[in-house]
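Worksheet: the structure to be examined is printed underneath.
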There are 2 protein chains.
Amino acid sequence: MEKLASDARPTRPNLAAVAALAGVSVSTASLAFSGAGPVSAATRAKVLAAAATLDYDGPDPRARSLRRGRSGIIGVVMEDRLRDAFRDPMNIALLDGIADEAGGGGVGLLLLTDNGAGDSGIAVAPLDAVVLVGCSRRLDESVAILRRRAIPMVAIEAEHRAGVLAIDLDNRAGSRVAAQHLRDLGHTHVAIVSLPIDDSRRSRPLRAEPATAGTGFTALERLRGARDVFPAIGGWVSNGSSIEEGVAAGIELLDHENRPTAIIAQSDLLAVGVIRAAEQLGLRIPHDLSVIGFDGARIDGVAPYDLTTLVQPAVEKGRAAGRAILEFLAGGTPQAVAFTSEFHAGNTTAPPMAASTRAN
Amino acid sequence: MEKLASDARPTRPNLAAVAALAGVSVSTASLAFSGAGPVSAATRAKVLAAAATLDYDGPDPRARSLRRGRSGIIGVVMEDRLRDAFRDPMNIALLDGIADEAGGGGVGLLLLTDNGAGDSGIAVAPLDAVVLVGCSRRLDESVAILRRRAIPMVAIEAEHRAGVLAIDLDNRAGSRVAAQHLRDLGHTHVAIVSLPIDDSRRSRPLRAEPATAGTGFTALERLRGARDVFPAIGGWVSNGSSIEEGVAAGIELLDHENRPTAIIAQSDLLAVGVIRAAEQLGLRIPHDLSVIGFDGARIDGVAPYDLTTLVQPAVEKGRAAGRAILEFLAGGTPQAVAFTSEFHAGNTTAPPMAASTRAN
DNA sequence: AGACGTGGTCGAATCGATTCGACTCTTGCT
DNA sequence: AGCAAGAGTCGAATCGATTCGACCACGTCT
């Protein structure tokens, strides 16, 4: 009849229980834990002792976050599959930078995906702020949801949106430098291997079509930069930044008579893939083919090459995002940041072999 | 004097405001949103309309999680630096598996590190459950904290602890198979390149010391497996699973007269590094040196080799962890799972060259 | 026709802490 | 000795939703 056992320890202890055992009020107990406000050393000791007795280890984060209006969680919204997102070393560097800057003090990074509907967590997770990274596909849906939730947003290299702090990279200018480098070397027949441009995510030829508004913002910007120099440049649209995709694209572009003398890859992973494909086809780098990448990822497996590329400050981008978030949470209004990439001349680019001397 | 503007929209709307506008009670409004409980279609429509008017987009996750006692967040505890953790493709596969299985339905993965003190978030984050992965260094501290918080734990390849569900891999048996393979080929002078064994994280020689209790559980298990076949095997302790570390270890072990004829690397990344080092030293694989890895990671850059290794079901491990967590959250008591690795015979192992024919 | 079940709605308690304002008891100063 | 300042403590409201039990009205079964 009487609930004996259940009375003993029905639930985990809460602050009220600790306060009761310590013989103080709940408010005092709270003060003793949070450290804010004046509490005598003796009282604090009593409370802590009571907590130890009851095996209570600090306030419930759920209650705390309800009251404070803060959860200590920063969302990182990435492309649909974690596997794909993590394949790209740039994203990892980014995460590392964010964690480095904003990760201290009980803040955690919550991995989210923007694969549409509300099941992504983006609509229901207790978030203090969000970093949108590489999630251009459904940017507007995500932004709309988060805006309604009044959650501060920082976007890495995305189309600008009101209320979304932009952390940018000079993708267009960088690609222009890359293209100009090839032109300066004397190349005229240049192809591009681009990152995914539209939602379809199918690899396909890239015609000299105008760079319309697609969803792959970074890809489009880099394409525009290349077209600033080679207006009609075409090539191949990959379906992701990976070495395998680079190989596939390389085979497509190189395995025929009228092949280009240089290829601009929109990422170092793709560039390495292109180099592999070239090697498979018996082409020598940079003698028969110049290859230029983007990112400066220092990928294992490029040896003996030193890839010509644009080095971008990926970790710094992450850090900037982290700092911006911290400032948002402190009530400030952080400024947008634009980073620049730096041209690195490696040994994978060279003047084109004269057409007459080409062995074919 | 009168607070006009602040009265207009001082805060974000809450359920009470919506209910008031819709002319129903808060409880009914809640029912209308959650879908649980009987609500007439007309009422639901009214509530939804009111919500739309007020720009209210569903219940506050903080309040919901306080009431329900669930946050919808699963913690993933990794080594101190995200960068290091993500370098290893096994960890990524693991994450992918976890997300795949448990990621649906508004659940998110919170990245945490176990770098000691409470600032890691492990002590204060609103977690429903936790997966401990590759965090053997401070396992006991982490477990102690989480146990007190009564948070279900799943550990991937860690020493068994009461209250922590184990997802295991036959590291010892797998390594034994690898070692036996080399012995069967006729190797007698075999060295090992191990994953980090102790907290120090300094790479160092591995003497034939007994495999004492260190903190690198997986490393120790794999070492024990090798020693089941070659009891006195020594080698080099790396300070992380990466190609660079493998190269460094390879140089250490191979760049002298009395070099081993075979090397057991405790990960594929390390194995690839060892192969690179061997190439740099002018050794041919598998002619002059046999190399065997662990993981089955199919790393880019191994070509033209097909690495002999033990293929482990990394994504499946993640899936199992995800399922276990789901079962924990459903109130069940999931069972421990043990996975097995499968030997893959590639072309990086061969019988040792007869000592007499060795060019040196 | 009266009792019973039930779909629909509401009130009120609850989750567990934080925090503001008020109150009490020292202590120091004149 | 009387009074002000302030350290220390407490009560109560609050954060925003969920949920249990009560209640009402209406249709159905016997």
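Chain A is the first sequence line, chain B the second, and so forth, proteins listed ahead of strands; every chain is numbered from 1. Hydrogens, waters and symmetry mates are skipped; everything else that's a heavy atom, side chains included, is used. Since the model is a prediction, treat every value here as computed from it, not as a measurement.
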Output one line per pair: protein atom, nucleotide atom from nucleotides 26-28 of chain C, and distance, for all N/O pairs under 3.5 Å.
none

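Look at B:S30 and you'll find a side-chain N or O under 4.0 angstrom from OP1 or OP2 of D:dT18.
For DNA chain C, the neighbouring residues in residues 57-67 of chain B, judged by any heavy atom under 4.0 Å, are B:L66, B:R67.
You'll find that the side chain of B:L31 is closest to C:dC10, out of D:dT18, C:dT18, C:dC10.
With A:S30 contributing its side chain and A:V26 its backbone, the two residues share no donor-acceptor pair below 3.5 Å. Judged purely by atom type and a 3.5 angstrom limit, B:R12 has no side-chain atom pairing as donor or acceptor with the backbone of B:D60. A donor-acceptor pair under 3.5 Å links the side-chain atoms of A:R70 to the main chain of A:L329, judged by distance alone. Although no hydrogens or angles enter the test, the distance criterion places no donor-acceptor pair under 3.5 Å between the side chain of A:R62 and the main chain of B:R68.
The distance from atom CZ of B:F33 to atom C1' of D:dT19 is 17 Å, rounded to the nearest whole Å. Put simply, CZ on B:R68 is 21 Å from P on D:dC15, counting in whole angstrom units. Look at CZ on B:R70: it is 15 Å from C1' on D:dT18, rounded to the nearest Å.
Residue B:S27 is in base contact, counting any heavy-atom pair closer than 4.0 Å across all strands shown.
Residues A:N14 and B:P38 each lie close to DNA chain C; by heavy-atom proximity, the contact nearer the 5' end of the strand is made by B:P38. In terms of position along DNA chain D, the nucleotide closest to A:R44 lies nearer the 5' end than the nucleotide closest to the other residue of the pair A:V26 and A:R44.
An angle of 40°, rounded to 10°, separates the two end axes of the helix from C:dA1-D:dT30 to C:dT30-D:dA1, each defined over five pairs.
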